[in-house]
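These notes are about the structure you will find just below.
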Amino acid sequence: MRYWLMKTEPNEFSIDDLERQGHPEPWDGVRNYTARNFMRDKMRVGDQVLFYHSNAEPSGVAGVAEIKKRGYPDPTAFDSADKHFDPKSKPEAPAWYLVEVGFVERFARFVSLAEVKANRKLRSMAVVQRGQRLSVQPVAPRHFAEVVRMGRGEAPADE
DNA sequence: GCCAACGTTGGC
DNA sequence: GCCAACGTTGGC
């Protein structure tokens with residue numbers, strides 16, 4: 001099983017929205033090739049996701065989600081009326097893919113970006129590297145576990 | 001609102 | 001294939 005971090009602006013779609021709707025969310029509109037490759041080629045059902053709120057006050061990890069459906073072509077790329085329409089993407093040769101993401105857990109304690117940056121164990125996480133804008137990124141298992149521990153308000157494990 | 005970082009586009 | 005211009009991301 002792999003671990004990921006996926007960014008969303010909570011005023012567009014938050015972890016509360018995901019929980020409330022009670023069904024998986026198609027993660028459409030991603031228009032970056034690196035992120036596309038992760039969704040199309042690497043993500044599998046059951047992979048665990050840190051659900052990250054960006055452009056928020058504060059920004060940070062709000063909870064955990066899970067991949068519920070493997071990558072398939074993003075239909076919004078084919079729809080000329082859609083904000084994310086891309087004429088380069090054709091149904092017979094799709095350029096853009098999405099996965100479906102389901103609710104797992106809303107953290108008891110929101111883990112702010114400042115807290116992630118302050119935790120020495122998380123210094124090499126992609127999300128705290130400067131200039132890192134990728135909206136879908138892999139997370140090391142030990143980093144995933146540490147962020148979840150913080151979000152549940154559990155005591156640090158012994159070194 | 002600013003702006004640094006970075007990805008993409010398009011002229012050549 | 002280079003690279004300047006442009007658009008976007010996202011923290012602050």
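Here is the naming used below: chain letters follow the sequence lines, and residue numbers restart at 1 for every chain.
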Q. How long is the line joining CD of Q132(A) and P of dG7(B), in whole Å?
A. 8 Å

Q) Should the pair K69(A) and Y72(A) be classed as cation-pi, given the thresholds of under 6.0 Å to the six-membered ring centre and 45° from the axis? A) yes

Q | Within residues 31-38 of chain A: residues closer than 4.0 Å to DNA chain B (heavy atoms) | A | N32(A), Y33(A)

Q: Find the distance Q137(A):CD to dT9(C):P and express it as a whole number of Å.
A: 15 Å

Q: Round to a whole Å and report the spacing from NE2 of H84(A) to C1' of dT8(B).
A: 17 Å

**Q.** K88(A) NZ - dG7(B) C1' separation (whole Å)
**A.** 12 Å

Q. To the nearest Å, how far apart are M6(A) CE and dT9(C) C1'?
A. 16 Å

Q) To the nearest Å, how far apart are L134(A) CG and dT9(C) P? A) 12 Å

Q. Rounded to whole angstrom units, what separation is found between the CD atom of E57(A) and the P atom of dC12(C)?
A. 12 Å

Q) So, is K7(A) close to the dT9(C) phosphate, meaning a side-chain N or O under 4.0 Å from OP1 or OP2? A) no

Q) Would you call R70(A)-E100(A) a salt bridge at under 4.0 Å N-O? A) no

**Q.** Length of the CG-C1' vector between D86(A) and dT8(C), whole Å
**A.** 15 Å

Q) In terms of the nearest nucleotide of DNA chain B, which residue is placed more toward the 5' end: N55(A) or R133(A)? A) N55(A)

Q: Fit a plane to each ring of W27(A) and F51(A), take the angle between them on a 0 to 90° scale, and name the class: parallel (under 30°), tilted (30 to 60°) or perpendicular (over 60°).
A: perpendicular

Q. What pairs of residues pass the side-chain hydrogen bond (donor to acceptor under 3.5 Å, both in side chains) test when at least one of them lies in residues 45-54 of chain A, not counting sequence neighbours?
A. W4(A)-D47(A)

Q) Taking D74(A) as the fixed residue, which of R31(A), R36(A), R40(A) is the one that meets the salt bridge (Lys or Arg N to Asp or Glu O under 4.0 Å) rule? A) R31(A)

Q. Phosphate oxygens OP1/OP2 of dC12(C): is one of them under 4.0 Å from a side-chain N or O of K117(A)?
A. yes

Q) Would one find more than 12 heavy atoms of other residues, nucleotides or ligands at under 6.0 Å from atom CZ of R106(A)? A) no

**Q.** N-O pairing of E66(A) and K68(A) below 4.0 Å
**A.** yes

